[in-house]
Amino acid sequence: MSRYSIFSLARNALTGHRNWPKAWRSPNPKPAYDVIIIGGGGHGLATAYYLAKNHGVTNIAVLEKGWLGGGNTGRNTTIVRSNYALPGNTLFYEHSLKLWEGLSQDLNFNVMFSQRGVINLAHSDGQRDAYKRRGNVMRINGIDAEYLDRDEVADMVPLLDTSPDARYPVKGGLLQPRAGTARHDAVAWGYARSADSYGVDIIQNCEVTGIDIENGRAVGVQTTRGAIKAAKIGTAVAGHTGHLGAMAGLRLPFETHVLQAMVSEPLKPCLDMVVTSGVAHAYISQSDKGELVFGGDLDFYPTYAQRGNFPRIEEVVETMLTMFPTFSRVRLMRSWGGVIDMTMDGSPIICKTPIDGFYIDGGWCYGGFKATPGSGWVFAHTIANDQPHELNERFTLKRFETGAVIDERGAGATAHAH
Amino acid sequence: MVDLNLSRSALDGVFTQGAFGAAGDPGVTLSERRGGALLDLSTGDIDATRRAIATQFGVDLPTKSGRTATGDACRALWTGPGHWLIKTAPKPNLERAWADAARNSAVNDVTHGRIVLRIKGPSARDILAKGCPLDLHPTAFPTGACAQSLIGKINVTIDCLDADEFDITTGRAYAKSLWAWMTGAAAEYGYRVE
Amino acid sequence: MTGQVFRNGAGGRIDRTVPLSFTFDGKNYQGFQGDTLASALLANGVRVVGRSFKYHRPRGILGAGFEEPNALVQLGDGARTEPNTQATRVELFDGLTATSQNRWPSLQFDISAINGLFHRLLPAGFYYKTFMAPANLWMTYEKIIRRAAGMGRAPTQMDPDIYARRFAHCNVLVIGGGPAGVSAALAAGQSGARVILAEDNPQLSVSETELADMDNVTVLTRTMAAAYYDHNTLILSERIADHKPAPAPFETRQRMWKVRAQQVVLATGALERPLVFPNNDRPGVMLASAAQCYAADFAVRAGNQAVVFTNNDSAYGAARDMKAAGIDIAAIIDTRPEISDSTRELATNTKVLTGHAIIDVASGRGGATRGVTLKAIHPDTGAPKGSPIDIACDVVAMSGGWNPTIHLFSQSKGKIKYDGARAAFVPGQSFQQERSIGAANGTFDHEACIIEGHNAGAAAARDVGFDAPDARTSPSGIPPAAQPLWSAPTGAKRFVDFQNDVTADDIGLAYREGYQSVEHLKRYTTLGMGTDQGRTSNVNGLAIMADHRRLDIPEVGTTTFRPPFSPITLGGIAGWHTGQNFEATRQSAMSAWHEAQGATFSNAGLWRRPEYYPRTGMTPAEAVHHEARHVREKVGVVDVSTLGKIDVQGRDALEFLSRVYINNLTKLPVGKCRYGVMLREDGFVFDDGTITRLAEMRFLVTTTTTHAGPVMTHLEYLAQVQWPELDVHLLSVSEDWAGIAIAGPNSRTLLSQLFQDVDFANEAFPFMGYRETNAGGVPVRLFRISFSGEHAYELNVPADYGLNFWTALLETGADLDVIPYGTEAMNILRIEKGHVTGAELNGRVTADDLGFAGMMSKLKPFVGQVLARRDALTAKGRRQLVGLVPADGETPIPAGAQILADPDAPPPEFTPAAILGEVTSNCYSPALGHPIGLGLVEDGSDRHGDTLYAHSPITSETVAITLTNPVFVDPAGGRLHG
Amino acid sequence: MLHIACPWCGLRAQSEFTYANDGTLIRPDLSNDSIDDHYNYVYARDPRRGIQDEMWRHSAGCGQFLKVRRDTLTHEIHATGAPQDDLDVPKDDRS
Ligand SMILES: Cc1cc2nc3c(=O)[nH]c(=O)nc-3n(C[C@H](O)[C@H](O)[C@H](O)COP(=O)(O)OP(=O)(O)OC[C@H]3O[C@@H](n4cnc5c(N)ncnc54)[C@H](O)[C@@H]3O)c2cc1C
Ligand SMILES: NC(=O)c1ccc[n+]([C@@H]2O[C@H](COP(=O)([O-])OP(=O)(O)OC[C@H]3O[C@@H](n4cnc5c(N)ncnc54)[C@H](O)[C@@H]3O)[C@@H](O)[C@H]2O)c1
Ligand SMILES: Cc1cc2nc3c(=O)[nH]c(=O)nc-3n(C[C@H](O)[C@H](O)[C@H](O)COP(=O)(O)O)c2cc1C
Ligand SMILES: [Zn+2]
């Protein structure tokens with residue numbers, strides 16, 4: 001892998017940038033691999049990378065039905081944080097956050113991880129206490145968290161409506177200073193380039209259409225580019241997990257929904273933090289390019305179409321303007337959707353399955369972008385060792401049978417309620 | 001001593017008579033309808049209930065969505081299969097009387113749980129269309145039609161009394177929000193409050 | 001220079017009798033009614049209107065409408081300022097002010113233009129390759145990048161304007177008021193169908209009086225169709241007052257239409273493509289159709305001397321119109337080796353150079369175009385050859401062919417296809433009830449557009465049952481020959497995406513580095529990601545990529561067209577529903593009274609509830625404690641109207657409730673209440689409340705305020721979907737009944753005074769009893785239940801009488817020293833009694849965790865019973881409800897604290913910290929005189945008496961606490977029952 | 001924006017409805033106390049890329065639950081009916 005740096009940039013400038021190598025190869029699939037990863041999103045690519053880097057497994061194919069990074073990795077609001085309250089989530093996401101902190105250097109690809117801080121606004125005494133409760137869990141687990149009062153929030157986010165007579169007044173907020181955003185596409189590309197440099201075959205336009213199972217063991221996949229054998233198969237297909245599971249005969253605790261996001265026209269810096277509000281669900285930040293990037297709830301009906309409908313956009317914009325009233329003359333530039341797999345407790349699944357050699361990484365609901373490095377790291381461990389790492393041992397399928405669910409919202413077994 | 005039997009509007013203190021909004025001829029007149037009684041009637045036995053109610057109260061309960069029927073002293077709005085909203089004159093033991101007639105049904109006096117606003121005037125349909133997803137064109141929603149739907153984010157029942165006259169029923173607790181919506185939506189057309 | 005020196009004395013659609021003044025970058029100019037900001041700027045000879053995104057190169061006006069990527073201005077100032085506004089779509093009004101963007105300190109001298117010098121270091125995606133060392137400097141680099149990026153400035157003052165939304169329904173919706181659209185609307189209108197025609201411009205391009213006379217046709221001008229969603233729903237954005245300095249009083253600024261159309265006709269026209277050649281971004285280089293439009297519609301000469309550069313016939317018409325307006329056409333340069341005679345005829349007396357291309361554009365002062373250099377090109381490869389020719393000019397009018405405006409078609413899920421003859425993507429198979437016509441359909445012949453429009457309008461009306469005029473036959477539309485010359489030979493920067501500064505070389509780089517799919521190309525180079533969404537760049541960009549990849553254009557494909565078609569204001573989308581009107585507010589019958597007393601309020605779902613009533617001489621906390629203490633000592637009343645109330649009737653009402661509550665209800669007699677708990681299907685606690693048997697087959701059940709909706713939905717789902725055989729009728733009566741709780745030792749006396757016909761003696765009206773009575777002709781429901789743990793009642797009266805009873809209670813009870821109390825005191829009272837609410841009912845607790853195991857009937861099945869038996873719900877080590885008191889008897893227990901044995905334990909690596917539980921509720925107990933709390937603690941029931949720590953690092957508090965029984969006050973229940 | 005034909009009220013806008021659940025789920029009998037069967041009802045799902053039956057509620061209309069046969073790839077709605085209806089069998093006019 002040729003190294004990127006200001007020096008290599010200057011050197012290549014002299015030759016008119018004609019000599020940059022390809023960031024990754026486009027190989028044809030081989031007949032067999034040690035490991036096949038289905039899904040060329042951030043999670044799949046990170047898994048391949050850590051399999052190679054941490055576990056020395058390099059005979060890997062990542063199969064992507066479209067273009068790499070074109071799933072939710074390429075369509076999320078890029079918020080990275082580790083402010084969780086329940087065992088299982090806390091340390092996993094924190095581990096992921098620590099990986100983010102060195103990711104650009106590790107991958108030698110600037111993923112623009114911007115630790116600008118994430119504030120969750122509290123609008124009532126109950127929410128205030130809940131955020132303190134969460135912040136305390138974080139602090140006890142060694143994760144940064146601060147509780148801000150209203151005036152401190154107002155100082156950090158000057159355009160936020162913090163007036164006491166607001167419809168939902170801001171009482172304060174939970175700040176995670178190390179949290180922030182990252183350049184989503186760069187994450188996919190950076191992992192792809194590094195995985196490729198270890199010899200991982202990244203195969204785009206290759207859709208998996210079947211899982212071959214012999215004697216209770218997964219032995220290969222059927223794809224639009226032919227059958228491919230593998231000793232182990234892992235899926236990291238986000239919204240398509242239920243569908244992939246069904247190919248292997250598994251009925252999974254998922255529902256697939258569309259989540260929309262949108263950007264405004266680019267503006268000079270006017271919002272320096274990520275701000276989220278729980279009262280009506282909305283999260284807003286400003287990208288380095290200047291657009292306000294924001295999203296809210298699901299469309300609330302199952303779908304596999306990467307497009308949503310207008311009622312949700314109205315609601316998200318209403319929330320956004322209720323928080324930031326002066327943005328009403330700002331214009332919406334683009335909106336889009338991604339299909340996400342909602343689990344029955346809102347927490348992910350990274351585990352072995354009842355089928356030997358078949359592993360699942362999924363159930364990321366609204367929030368798996370932040371998990372990309374951590375998920376790849378533990379999923380690689382799980383596949384390589386055929387057993388979970390301590391960090392993901394609670395993210396099982398079994399937990400729904402035993403009741404050991406990880407339900408941060410306490411919403412119960414209604415997938416779209418999480 | 002407080003007069004316990006003095007019925008108070010949910011809009012007490014909000015309601016001011018006069019002309020508001022854009023100048024010129026008002027687009028609509030807004031008012032609150034008070035003094036009537038409302039019953040919610042639900043039955044699992046539609047035929048028997050309709051027969052009994054027709055006999056006792058002279059109204060032929062409609063069986064199709066969007067339909068209303070007017071009887072001796074009452075008006076019935078279809079609100080669901082086997083489910084009606086009855087607008088009638090207040091009487092002691094009204095709930096009991098209807099429950100006795102419509103046996104094996106559920107009757108609730110909901111007079112106090114709802115408010116009724118009237119909107120009347122040439123701009124009425126345009127104003128309602130600002131928050132209501134129904135097709136309110138006179139051919140689609142003629143005089144005598146009713147529907148349950150939304151205005152803004154508030155559940156309502158709309159009763160079309162005349163070409164440009166509607167009664168809007170909603171939950172009592174939403175009264176002030178609906179009023180704010182109505183006056184806000186009407187401001188660009190100009191409105192009178194009566 | 002003063003005056004509109006580039007304006008002709010006659011012609012155009014402008015009204016010369018209405019002169020308008022405006023300013024651009026602080027300088028005064030004049031224009032006329034009917035001008036756009038762009039046409040007025042050109043009339044005044046203003047060439048440079050902005051700076052480019054990355055290299056900060058001077059930029060001029062490229063187009064005349066939607067397509068404009070360069071001329072984005074900050075409009076107005078103060079509260080009405082508006083960033084990134086396309087000057088080509090801004091209607092001029094008197095007093096308009098506009099400012100250029102993305103330059104500092106001024107448009108003429110922009111410091112960041114220095115980026116241009118380093119441009120070699122800034123190829124596409126350079127930032128991915130650098131700024132990585134040292135790692136901790138990234139946040140500093142990022143600040144600089146952020147400051148350089150962005151374009152206009154967001155307003156920082158409250159928007160004074162009003163926005164509205166509305167719904168509309170029609171039989172036929174026509175988008176686009178050009179010849180095709182107008183003809184479609186007319187044909188549909190004649191059939192009697194309800195028609196809406198939307199056109200972005202201030203007027204239709206064809207004046208049509210017949211349309212205006214049709215009652216069944218609504219013509220919306222200044223209205224852009226922004227989105228085409230499922231089930232033929234389109235979003236239109238109407239600008240009602242943007243062409244004026246400010247809206248009139250009460251006038252809406254913008255209205256968003258949500259139209260459900262049975263049939264849609266898309267007549268959105270076509271947009272001209274630029275050509276890609278060196279320095280094609282110089283101010284003065286513009287689309288031929290734009291130069292034509294300024295000449296014909298605004299009588300504005302885009303310059304004095306023009307070179308027309310084209311690969312197709314349409315630019316000849318443009319040249320003719322420009323010439324007619326007095327622009328000297330120095331030459332028409334056509335990349336095609338040959339042109340037809342008829343085309344050549346259009347250019348009589350004009351020099352035409354076929355088989356030539358521009359290889360450079362020279363710039364003069366301020367960067368504006370001064371001349372071009374051309375060369376002959378090889379007919380097959382496009383490679384330049386021969387000696388260069390220089391031509392002086394101040395305008396280059398270019399035409400690279402036409403792209404049908406297929407954005408909405410594509411949003412509707414219609415399949416687009418590539419049409420080689422037109423060298424463009426055109427609509428293919430429709431997915432919804434939709435027809436594309438005219439230039440939007442690749443039909444560029446004027447007559448053919450009109451006929452296609454007529455036929456589509458008539459067919460659409462016919463499809464929904466109207467009698468429509470017959471179809472007319474169309475001359476077979478022969479597309480103008482266009483030779484796709486996508487990128488002229490290398491040299492200086494050749495811009496593809498003007499707004500985002502993406503050049504042909506950037507596309508080459510993306511190709512070489514493997515970002516070859518159009519989607520990667522877009523994201524790596526930002527091609528097509530600007531406010532114009534690549535309207536002028538996408539097809540050129542992917543054609544260049546196709547060329548590198550040696551693929552045909554359709555094989556490379558396009559990126560996805562997404563809403564909105566062109567940006568729309570957030571204010572318009574939100575309409576009424578922002579600020580106080582974001583969501584409805586629910587208010588009880590006593591709200592106004594609470595407000596008048598100066599109570600503070602909190603939100604519970606949509607409800608507003610009084611927290612406490614301020615008292616002179618007391619701090620808020622003291623006032624709350626006073627209220628709570630007073631209830632225990634005397635009597636207080638609290639508004640509990642917000643509790644969910646569900647009327648349950650029917651022959652199977654009891655059976656139904658037995659299935660949904662964990663309690664055994666069979667022995668519940670008429671006239672009695674019971675405390676009940678519901679589980680979710682997954683076995684965790686859903687909600688709690690009371691069940692009162694009003695009559696043999698009629699019950700009233702209550703829910704918590706916030707769960708009222710979800711509980712009702714859950715019950716309806718079971719009743720309607722799972723157990724339709726049960727005869728049960730459910731009705732939410734929450735708002736029908738005002739609810740008042742009367743609590744405290746004097747409550748019985750107080751109620752006996754008000755309701756003299758009710759026997760309040762313990763035997764006659766025991767704890768958990770229910771009575772109905774009548775006071776002053778008003779029906780009253782009385783429940784002897786208690787949330788506070790005091791001797792208490794709840795009273796329900798029809799809501800319109802709620803305030804009467806509230807005030808009557810306060811008046812009657814004056815001697816008994818009755819006071820009102822709010823949710824804060826109520827919260828203290830319930831904590832003192834160990835009653836749970838939202839903080840404990842967190843969706844993760846079992847009935848057993850809360851000490852409700854005893855309530856669970858073993859005699860009957862109920863919802864949640866089976867999954868509540870799962871291992872993890874029954875295992876040891878679950879967190880159980882406990883009371884908490886500070887070990888020192890005085891230190892407050894921190895809100896939101898976690899409970900652990902060793903607050904000093906170091907943070908763990910992979911195994912979660914040993915947290916034993918959490919503080920769910922906390923308060924100072926006036927009754928006990930010290931702080932107390934409730935918590936959920938591992939095996940808490942077995943730990944009463946243990947001392948642990950309530951640890952709150954986030955507030956730097958750590959308090960030793962002793963675990964106790966959660967019932968602090970009157971554990972024996974003497975007060976309740978007495 | 002979806003438009004759903006309520007079997008009782010006719011074609012109405014999406015905002016009047018709420019999605020409730022998979023439309024094929026049948027709650028285990030009251031007498032059934034198998035954790036597995038309840039697990040299947042409460043947790044396990046069969047995702048369908050394409051046409052599936054769903055339960056919606058006309059929450060801002062008649063309040064009735066309705067079965068909706070909808071394509072999860074295109075959002076086309078092919079049929080609607082009462083919760084107990086078999087959507088393969090065409091329905092008469094309802095009241
Ligand atoms: C609008 C939106 C906003 C979000 N915001 C945030 C946020 O702010 N923060 C956050 O942390 N998370 C967020 N998320 C969630 C986050 O984007 C995802 O959880 C995360 O990106 C998932 O990564 P992945 O690699 O698992 O999936 P993806 O990136 O979706 O990758 C899965 C890949 O699998 C491929 N695939 C599917 N089926 C097959 C098949 N049969 N054969 C081959 N390949 C297949 C897909 O094409 C896809 O490329 C958001 C999601 C959305 C949609
Ligand atoms: N000579 C050529 O090559 C050539 C090329 C293109 C067009 N033309 C001529 O242009 C005309 C085409 O007629 P037409 O009616 O098809 O198109 P048109 O361009 O005349 O009209 C389209 C109209 O749609 C409006 N519009 C586009 N998108 C919109 C949206 N989203 N919302 C609201 N309005 C929108 C535009 O403002 C425009 O007024 C014919 O006269 C044709 O000859 C000629
Ligand atoms: C964080 C983020 C920022 C984005 N910024 C822009 C932008 O500036 N301009 C733009 O056109 N699209 C932007 N997009 C949206 C993409 O163009 C695109 O819509 C999204 O990646 C989904 O892909 P699709 O629309 O091709 O399906 C952004 C997307 C994300 C996730
Ligand atoms: Zn209905």
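Throughout, a chain's letter reflects where its sequence line sits, starting with A, and its residues are numbered from 1. Note that these values count all heavy atoms, side chains included, but never hydrogens, waters or copies made by symmetry.
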Residues pairing under salt bridge (charged side-chain N to carboxylate O under 4.0 Å, His left out) where one sits in residues 5-15 of chain D, two or more places apart or in two chains, turn out to be D:R12-D:E16
Which one, A:G242, A:G308, A:P302, leads in non-hydrogen pairs under 4.5 Å with chain D?
A:P302
Per-residue contact mode, A:F254 against chain D (heavy atom under 4.5 angstrom)
backbone
Nearest 0.5 Å please: distance from the NE2 atom of A:H243 over to the CG atom of D:D46.
12.5 Å
Atom OH in D:Y43, atom CZ in A:R251: separation rounded to 0.5 Å?
14.0 Å
Between the CG atom in D:L73 and the CZ atom in A:R307, the distance rounded to the nearest 0.5 Å is 12.0 Å
Give me the one residue out of A:N309, A:D299, A:V258 that meets side chain to side chain contact (heavy atoms under 4.5 Å, CB included) with D:H75.
A:N309
Check the surroundings of atom CZ in A:R409: do more than 12 heavy atoms from other residues, nucleotides or ligands lie under 6.0 Å from it?
no
So what's closer than 4.5 Å to chain A heavy atoms on D:A13: side chain, backbone, both or neither?
neither
Toward chain D, the part of A:E255 with a non-hydrogen atom under 4.5 Å:
side chain
Does any heavy atom of chain A fall under 4.5 Å from the side chain of D:R70, the backbone, both, or neither of them?
side chain
Spell out, as yes or no, whether a donor-acceptor pair under 3.5 Å connects the side chain of D:R45 to the backbone of A:T256.
no
Considering only heavy atoms, which portion of A:F300 lies under 4.5 Å from any heavy atom of chain D: side chain, backbone, both, or neither?
backbone
Using the ring of each side chain (for Trp, its six-membered ring), is D:Y19 parallel, tilted or perpendicular to A:H416, with breaks at 30° and 60°?
perpendicular
Non-hydrogen side-chain atoms of A:Y301 and D:V68 separated by less than 4.5 Å
no
